[in-house]
Every structure is written in C-alpha cells, then in structure tokens.
Amino acid sequence: MSLMKLLGNTLGKATGLLAVLIVVIAAVLNYFDDPDPVKYTSMAEDMKTLEENFRQQNKSCFILGASGETGKTLLRELLERNIFSKITLIGRRQLTFEGKEYEKLVQEVVDFEKLDEHAAAFQGHDVGYCCLGTTRAKAGAEMFVRVDHDYVLKSAELAKSGGCTQFHLESSRGADKTSSFLYLKVKGQVEAEIEALGFDRYAIYRPGVLLVDRQESRPAEWLARKFLGAFSSVCSTSMAIPIQVVAKAMVSNTLLQPEQKMEILENKDIASLGKSVGK
C-alpha cells in the first residue's frame with residue numbers, strides 16, 4: 001500500500017470518527033439543554049416601531065466593559081440601531097475608535113478602586129449595560145472577585161442612585177450563589193445583590209460559551225470555540241452562542257416591556273430573541 005493511500009485511509013477513518021463524536025456530543029448536550037426558551041415570534045417589523053418610539057424618548061445609556069468582546073459588539077449594535085440620544089462609556093482608560101459613528105460618544109475614565117469619587121459619571125443615565133468581567137485564570141481569584149463582584153455591584157449602586165431605572169447585566173450560564181465553583185458563585189451573588197437594589201427593570205443574561213475570535217485566545221480556548229461552533233450551527237445547544245446574537249438580544253430586550261421587573265434570559269432565550277429580530 002502506497003504512503004498516499006495509507007494516509008488517505010487514515011484521514012477518512014479520523015473524519016468518520018470525528019463526525020460520530022460530534023453527533024454523540026450534540027445528543028448529550030441536547031439532553032442537558034436549557035428548558036424551552038420564551039417564544040419570541042418573528043418581530044422584525046414590530047421592533048422597528050419599538051425602536052422609533054424609544055428613540056423619540058431621548059434616553060441615554062452607559063456601558064461598562066466596552067473594551068471587552070461583548071461590550072464592543074454591544075456598542076456597535078447600539079450605534080447601528082441608534083436608539084439612544086447619548087451613549088457614555090465608563091471604564092478605566094480612554095478607548096480609541098475609528099469612524100464618524102463614534103464621534104458623539106462620551107467617555108468617562110474612572111478608578112474602580114475609588115468609584116465613590118466618580119459618582120458623577122453614573123448620574124443622568126436611563127439605562128445601564130454591564131459587560132464588565134475577567135476570569136480567575138487571567139486575574140487571579142482575589143482580583144476576579146473584585147472585578148466581577150465588587151466593581152460591578154458598586155457601579156450598579158451608583159447608577160441606581162444616579163437615576164438609572166433599567167439595568168442589563170451580562171452574567172454566565174450556570175450562575176448560582178450557592179455553587180461550590182468560585183466563578184459561578186460570584187456571578188450568582190452579584191446577580192442577587194443587584195436585584196436587591198430595586199431597579200424598575202433588571203435583566204440578567206446567562207450566555208454559554210461566547211463564539212468570537214479573540215486575538216488573545218489560548219489554543220485550547222480557540223479549539224473549544226471552533227468545536228462548539230461546529231455543531232451549534234447544526235443543533236440547538238445551551239453551551240454556546242455567537243456574541244453578535246447576545247448583543248442583539250440585549251438591545252432588543254431594552255425596548256420590550258415585560259410584566260415582571262426582573263428577568264433571567266438563559267442561553268436559549270438569548271438566542272431566540274437575538275435571532276428573531278433580524279438586522
């Protein structure tokens with residue numbers, strides 16, 4: 001048997017095994033998937049009307065974490081849909097953008113260790129979006145808690161005191177304040193503590209693995225995203241979601257008026273809403 005033929009047979013078997021593996025994993029994930037999502041029927045036309053009505057109210061918003069992947073994508077979505085008369089970015093450094101659409105942005109540079117000294121940055125906003133966060137692996141356990149809990153909670157407190165009535169928090173799938181895993185426990189704790197602040201409207205988003213090409217991704221992270229993306233495109237899963245869909249869902253949900261003051265959107269809910277509104 002020639003080398004080329006042997007190589008061809010080996011690759012063929014490997015491809016077959018990979019296909020079987022993907023099907024098996026997809027079936028397992030589907031079994032453990034989120035409950036059926038809230039039904040968001042096709043609302044592209046209704047959304048245009050909602051956007052126009054919201055736009056006429058001359059509301060303002062702020063974004064925490066605009067330098068991160070979700071924050072950047074959310075900012076682009078907000079600018080594209082143009083529903084706010086003013087958008088303020090609150091962060092630890094000035095960000096640089098290219099394009100005329102970014103010219104009207106307001107940027108407030110704050111020291112998150114001394115947020116009380118920057119209370120003015122959180123005043124006068126109608127809606128707040130929080131995409132602030134890091135990981136234990138990247139920042140260490142102590143700093144992770146400070147960023148994902150302390151900074152987030154203090155920012156929400158200042159926003160509430162400053163007149164913000166609607167707060168949208170990017171959390172994580174599996175967030176649970178009773179969890180034995182630090183990451184999920186911290187996410188669950190800050191969710192509950194912000195709820196206690198009593199915003200008129202409070203939305204929590206719990207996406208799975210965010211499908212985005214991070215330039216700084218480690219090989220294992222890159223492989224995980226590519227792998228999850230491969231079968232999430234052919235089956236519904238609560239494990240992964242394109243980051244653009246998360247941003248669309250957050251903006252669209254801002255326009256809706258649910259009966260309850262607080263809501264939790266699991267991964268399937270986010271996907272259902274984010275994909276239902278079109279462009």
Side-chain angles (χ1 to χ4, degrees), residues 60-72 74-75 87-93 95 107-207 210 246-247 249-250 253-254 258 260-266 270:
S60 64
C61 76
F62 70 84
I63 301 176
L64 287 165
S67 62
E69 296 296 340
T70 304
K72 285 189 292 187
L74 174 63
L75 174 58
I87 299 176
T88 301
L89 309 183
I90 301 177
R92 61 184 177 84
R93 59 185 173 86
L95 302 179
Q107 297 200 49
E108 295 282 357
V109 177
V110 302
D111 181 349
F112 282 99
E113 292 292 329
K114 302 175 181 177
L115 276 178
D116 280 322
E117 298 179 7
H118 302 279
F122 293 88
Q123 293 179 354
H125 307 290
D126 299 292
V127 180
Y129 298 99
C130 182
C131 305
L132 190 65
T134 185
T135 64
R136 183 175 182 174
K138 186 175 182 179
E142 182 178 351
M143 196 60 198
F144 161 69
V145 174
R146 290 192 68 76
V147 174
D148 284 57
H149 179 275
D150 300 352
Y151 294 175
V152 170
L153 179 58
K154 187 61 180 179
S155 295
E157 290 173 349
L158 292 173
K160 181 68 168 59
S161 298
C164 180
T165 59
Q166 191 176 149
F167 196 81
H168 297 258
L169 174 68
E170 181 191 22
S171 185
S172 172
R173 182 181 188 272
D176 181 356
K177 63 182 180 181
T178 65
S179 176
S180 57
F181 294 98
L182 179 64
Y183 183 83
L184 299 179
K185 182 177 182 179
V186 168
K187 292 293 187 181
Q189 286 176 334
V190 79
E191 285 182 358
E193 289 167 11
I194 291 177
E195 181 182 2
L197 296 178
F199 283 97
D200 292 350
R201 173 106 190 274
Y202 175 41
I204 298 169
Y205 304 84
R206 292 178 175 174
L210 296 173
V246 177
M250 292 179 75
N253 195 38
T254 304
Q260 67 275 28
K261 291 179 63 174
M262 193 277 280
E263 59 182 336
I264 297 175
L265 283 77
E266 300 290 354
I270 298 169

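When a residue number appears, it is its place in the shown sequence, counting from 1.
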Side chains of Cys164 and Phe122: closer than 4.5 Å at any heavy-atom pair? no

Under 3.5 Å donor-acceptor, Ser179 side chain and Ala175 backbone: no

By side chain to side chain contact (heavy atoms under 4.5 Å, CB included), which residues pair with Lys154, not counting sequence neighbours? Leu115, Asp116, Glu157, Leu158

Would you indicate whether the side-chain heavy atoms of Arg206 and Lys187 approach each other to under 4.5 Å? no

Given Glu170, which partner from the list Val152, Leu210, Leu74 fulfils the side-chain contact (heavy atoms from CB on, under 4.5 Å) test? Leu210

Rounded distance (nearest 0.5 Å) linking atom OG1 of Thr178 with atom CD of Gln189: 9.5 Å

Stepwise side chain to side chain contact (heavy atoms under 4.5 Å, CB included) check, Leu197 with Tyr202: CA-CA 10 Å; Leu197 296 178; Tyr202 175 41; over 6 Å; no

Can you tell me if Asp200 uses its side chain to pair, donor with acceptor, with the backbone of Gln166 under 3.5 Å? no

Strictly below 4.0 Å, N to O, side chains only: are Glu113 and Arg146 in salt-bridge contact? yes

Side chains of Asp111 and Glu117, heavy atoms from C-beta outward: is any pair under 4.5 Å? no

For the residue pair Pro207 and Ile270, what are the closest heavy atoms and their distance? N-CD1, 3.7 Å

Would you mind checking if Glu263 and Arg201 are paired as a salt bridge, meaning a charged N to carboxylate O distance below 4.0 Å? yes

Quick one: salt bridge (charged side-chain N to carboxylate O under 4.0 Å, His left out) partners of Glu108, sequence neighbours excluded? none

Working to the nearest 0.5 Å, report the span between CD of Glu191 and CG of Leu169. 6.5 Å

Partners meeting ring-ring contact (aromatic ring centres under 6.0 Å, His included) with His125 (sequence neighbours left out): Phe62

State, yes or no, whether a side-chain contact exists between Tyr129 and Cys61 at a heavy-atom distance under 4.5 Å. yes

Can you measure from CG (Asn253) to CG (Leu265) and round to the nearest 0.5 angstrom? 5.5 Å

For the student: nearest non-hydrogen atoms of Leu182 and Ala141, plus distance: CD2-CB, 4.0 Å

Nearest 0.5 Å, what's the CG-NE2 distance between Leu64 and His168? 13.0 Å

Show your reasoning for whether side chain to side chain contact (heavy atoms under 4.5 Å, CB included) applies to Met143 and Thr134. CA-CA 9 Å; Met143 196 60 198; Thr134 185; 5.7 Å; no

Heavy-atom closest pair, residues Ser67 and Arg93: CB-NH2, 3.9 Å

Gln260 CD: over 12 foreign heavy atoms closer than 6.0 Å: yes

So, for Asp148 and Gly133, which heavy atoms are closest and what is the spacing to 0.1 Å? OD1-CA, 3.4 Å

Of all the heavy-atom pairs spanning Ser171 and Ile204, show the shortest one and how long it is. CB-CG2, 3.8 Å

If every non-hydrogen atom of Ser155 is compared with every non-hydrogen atom of Phe112, which pair is closest and at what distance? OG-CE2, 4.0 Å

Does Ser60 reach the main-chain N or O of Gly124 with its side chain, forming a donor-acceptor pair under 3.5 Å? yes

Going through the checks in order, is the side chain to side chain contact (heavy atoms under 4.5 Å, CB included) test met by Val109 and His118? CA-CA 9 Å; Val109 177; His118 302 279; over 6 Å; no

Kindly indicate, with the supporting measurements, whether the criterion side chain to side chain contact (heavy atoms under 4.5 Å, CB included) is fulfilled by Glu193 and Lys177. CA-CA 10 Å; Glu193 289 167 11; Lys177 63 182 180 181; over 6 Å; no

